[in-house]
Every structure is written in C-alpha cells, then in structure tokens.
Amino acid sequence: MDNRHGAREQWSGSLGFILAAAGSAIGLGNIWKFPYVSGMHGGGAFVIVYLLCVAAIGIPVMLCEIAIGRHTQRNPVGAFGALAPSGSLLAHLIGFCMVLAGLFLLVFQSWGWAFLCLLPGALVFRFGWRLVGGMGVLAGFVILSFYSVVGGWTFGYVLEMLRSLLSGGVGGTHATLHFAGAETSLARFSSLAANASWSLVNHAVFMALCIGIVMVGVRRGIERISRILMPLLLFLLLILIVRGLSLPGSGEGVRFFLTPDFGRLSTESVLIAMGLAFFSLSLGMGAMITYGSYVGRQQNLFRSTLGVVGLDVLLALLAGLAIFPAVFATGAEPGEGAGLVFILLPTVFMQIPGGALWGLLFFLLLLVAAWTSGISLLEVVTAYFIDERGWSRRRATLVFGGFIFALGSLSALSPDAGLTGWSRLATLRDLLVFCFGAAPGSFLDLADNLASNWLLPLGGLLISLFVGWVWGVKPALDEIRHGSDNFGDVHLVSLLAGLRDDDSHNSPVHVLTLAAVWGIFIRFISPLAIMLAFLHTIGWLRTS
Ligand code: TRP
C-alpha cells in the first residue's frame, strides 16, 4: 500500500527531526511525573538509576524504532507489515502462549482477562506482527485521550494564573482566594476538575490545538511549531530555574533532588525508573517509527537518537531544578505525589514575590511541553489512516481527533469532588468490576494504567524482539549505516580511548563495535529487562 498522496513528506534536516522528536519526548512525563517520582524514590539515587535505564534500554529501543520507520517509510502497522515474514515462528509462538494463558484464565473464571488474552492471541494468527503496529495505534488513541484531559487542565491553569495576575498581581483577590494555602488550593483543583464543563472545554481546546497543527502537515505543521516551541520551552525553564535558585533556602531543594539516598531505593524503584524512561522517551507504541518515517536517508540516526535522548534527559533534570528549590524555599512538603503540579505548586508560587507571573510561566511551560507530545500521539493515528486507508490528512485528523475527544470526555467527566470516582459513570464501573473483578480509581487512571503499564511495555518488548530476532540486527544496521559514516562500526574501545582515527586501532576485524553492543542489547538485555518490569507491574513477580 503505497502512499497515495504523492511523495512522503520529510523533515527539512537533522535539526528539524531532532526538535520534533524531542518535542514528542519532552512532555508531562518530564516536567510533571519525573520530579515527583524521583522525589519519592530517593532523589539523586533514583536519577542515577533512571539515567542507566535510559542508556541501556531507551537508546537501543529508540534506535530500533527510528530505523524501522526510516526503512519502511510507513506508519507502525504498515511498517511491521512490510518487514515481517507472513508465517513468523516467533509470532505464532507468542500467539500460542496467549491463547494458552487465556484458556488458563477461563478455568479461573476471570472472564475479562481471559478475553484480553484470547482475542489478541487469536488475532496474532491472522495479522502476525502487524498487530504490534495496531497495538501502537490503539495506544496512541488511549494515551492522547487522557493526556489531552491533563493538557486541558494545564490550559485551564494558565487562565487561572492570568486571572490572578489581572486581579491585582501577587496578592490579587483571585490568588488569595484560591491558592493562598494548601487546603484552598486543593479545594480549588477539586472543584475545577469535578466541574464537567470546565474540564470538557479545556480538553476540547487542547485537542483543537493538536488537530490544528497535525492537519497542516509534517514539515509545515509539526516541524515548524517544534522549532518555535522547543526553544521557548528551554527559555521558560531557565527563567524559572534562575528564579527558584535565587530564593533564600533553595539549596535545600537542590540537595533533596540531587543527593543520592540509596536507602530509599528499592527494586520497585528500578522498575518504575524503567517504565518512566519508556513513557518519557515516547517509546513502545511506534511514535518514533512514525517520526522516523519522515527522516531522510542521508541523516545520521545514531547522532539524532543521542540528540533526542540527551534533550529529553536534560529537560527532566532541569524541571527538577525548577521545581524543588521553589518548593523548599517556601517550606512546603515535597512528598505530594501526583498532586505536586496542580495543587502544591500554585501555592508555592503565590508565596514568592511576583507569584502569579511565575505560575503563569510555569503552566505555559507545561502546556507547551504537553502540546508537542499530544501532536506526536495524534500523528501516529493520522499516519495510519493516511497510509493504510488512503484518507486525506485533513479528514484523518478531524475524524480521529473527534473520536479521541469523545473517549477523553470519559476521563474528563470521571473525577468528582473527591478527585476520584465514577459517580457519573457508575454503569461503566459496574461493568469493569463484573469483567475484571475491580476497577481503578477513575477512568483517567484506567486509561493511564492500560497504556503506561500494559501497551507501552509490551510494545517496547515486541519491537526489540522484532528487530533482534525477526527483521534481524544486520538489516537494521544496514539501514542505520545510511548517513552515519559507519559510526556503528567504530571499535568501541578505540572510541573511548580517543583513538578513533588511528589506523592501527581500526582494524578490519571488528569485535566490540557500537553496533555489536547495540545488537546484544536489543536481542537480550532490553527484552529481558522489560519483561521483568512488566511481570512486576502486573503482579506476577514479587520482589521483597
Ligand atoms: N513522552 C511524552 C511525555 O513525556 C508522552 C508521549 C508522547 C508518549 N508520545 C508518546 C508516551 C508516545 C509514549 C508513547 O510526556
């Protein structure tokens, strides 16, 4: 199925691709999730583990995704279809195991789980590896549905901060009324999130922002907006860091964030670090396959991958530096968990001079980060309908943006005044309890859980297995070699020793090259590590 709308669009160059992919990677995961999770898991110690996960799993898997995309020039479903042999032994083996697990679950009368194993297990025999791509498109759909709700809250908070600013600056009535202390701030957030029209309107605004950009196209839409927003993001963050660090008492926050406390690190923290690395780098669902499919053959994939990963990590660290000093300087407690951003931070900002302005800049930052990530999620779904179904870009974005909005509305409607709950969706909850024996705290949690704990790790696992064992490391490497000056074939020891250009250190007998290390990682180490993390999240592997 070739592209029916002329030549496939391409990024204008390496920088365009790096900025767009970094825009996808840098999002709520970096600025909202990373600081509070690392705060809960031992600060600097967690940061070290996170960096190891990024290096050992994030980089190899991202390289896989981008290589698949550039080689096939397709969306995830088409990409797997183009590369996979029709009767893949490994696919059949996986399908067989899933059917077996499904039958096993039937015996235990877990109807919902049995169904979730049997259906995809049977589909594997029909669609083979294309199913992994399909899972990716589905994940894009599900993630964007709740991501857009949180993105909508961010937009709503930008307006809240603007109102505070307009109602008389720092001590303006709006601010003192709603964000003066922890309790009022919590009450404000709960009442806003439980307010159906507030949530829905903001959710709609966020979706409209994403649809508007994706509709315009890859280079003129996605790349152009990333070129504007990414520097803006860095700029806003730097202002906030300078402001935070200049507050008296901020050193405590830096210490909290960066001092390693290995005592608070558990096996679980390691697994959480891995899951977070996946989410934060936009891996596991073909977002990078899709973006990779717009990369030109002359571009260096190794270098671009390092650039994207480097920017993502840098922004996560900077976000921590922007948040914790301000939190500690105002004497607040950092152990706020997920509520850190919407509940704690507004009060923190209101206590420092010029608060509403800093709050405004912070939520703008968050909005910008979420926006470029939302765009990448929508692009995956769009690319599928353009490539495989022959739809026009305009129709694909409008129709599926609409569907995603509808699904997300359930997440937007789900929080009640207690911030969790199903009061408006009781029937749905009963159905879930009937099928699965339990229901998560809210519909938003359900969608987040489904995507982050199931679809993404499974997708990442299958993608690295696919490249390592089905497509093959050699063909994948041949793709990566285009435009890479044989970077992967440099002897690793010579490279580390700074002797890359020395002839006698570049013998034709390559042993420990970067490429070889990559191959070993995607064939063995990454799949194994992801598998362990996955078994742990679903509770089949207990540590402790
Ligand atoms: N990486 C983004 C973040 O950190 C979220 C995101 C965008 C994503 N696209 C994705 C996550 C694709 C997984 C897969 O917030």
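The analysis underlying the following values was restricted to heavy atoms, covering all of them including side chains, and did not include hydrogens, waters or symmetry mates. We count ligands from 1, going down the list as the structure has it; atoms in each ligand are counted the same way.
With respect to S293, the side chain to side chain donor-acceptor pair (under 3.5 Å) criterion is satisfied by exactly one of R8, R74, H71, E9: R8.
Ring-plane geometry between F141 and F403 is classed as tilted, the angle between the planes lying from 30 to 60 degrees on a 0 to 90 degree scale.
Nearest protein heavy-atom contact of atom 12 (C) of ligand 1 is M285 SD, 3.4 Å. Given atom 11 (C) of ligand 1, the protein heavy atom at minimum distance is F279 O, 3.3 Å.
Outside the 6.0 Å centre-distance limit, the rings of F206 and W371 are not counted as a close aromatic pair. A centroid separation of 6.0 Å or more is found between the aromatic rings of F342 and W32. W129 has its ring centre no less than 6.0 Å from the ring centre of W469. Between W391 and Y384, the distance separating the two ring centers is not shorter than 6.0 angstrom. Checked against the 6.0 Å centroid criterion, the rings of W471 and F466 do not qualify as a close aromatic pair.
Taking 4.0 Å as the cut-off, G284 does not count as a neighbour of ligand 1 on heavy-atom distance.
When only interatomic distances are considered, the shortest N/O to N/O separation between L28 and ligand 1 falls below 3.5 Å. Ligand 1 has an N or O atom lying under 3.5 Å from an N or O atom of G29, backbone or side chain.
Under 4.0 Å from ligand 1, the heavy atoms of Y147 that appear belong solely to its side chain. Only the backbone of A25 comes within 4.0 Å of ligand 1, judged by heavy-atom distances. Looking at L456 against ligand 1, only its side chain comes within 4.0 Å, counting heavy atoms.
Against a heavy-atom cut-off of under 4.0 Å, L377 is close to the following atoms of ligand 1: 7 (C), 9 (N), 10 (C), 12 (C). If you number the atoms of ligand 1 from 1 as listed, the ones under 4.0 Å from a heavy atom of S376 come out as 7 (C), 9 (N). In summary, the atoms of ligand 1 found under 4.0 Å from a heavy atom of S373, numbered by their order in the structure, are 2 (C), 7 (C).
Residues L234 and L318 form a side-chain contact, since some pair of their non-hydrogen atoms from C-beta on lies under 4.5 Å apart.
Nearest to atom 7 (C) of ligand 1 by heavy atom, out of S282, G136, S280, is S282.
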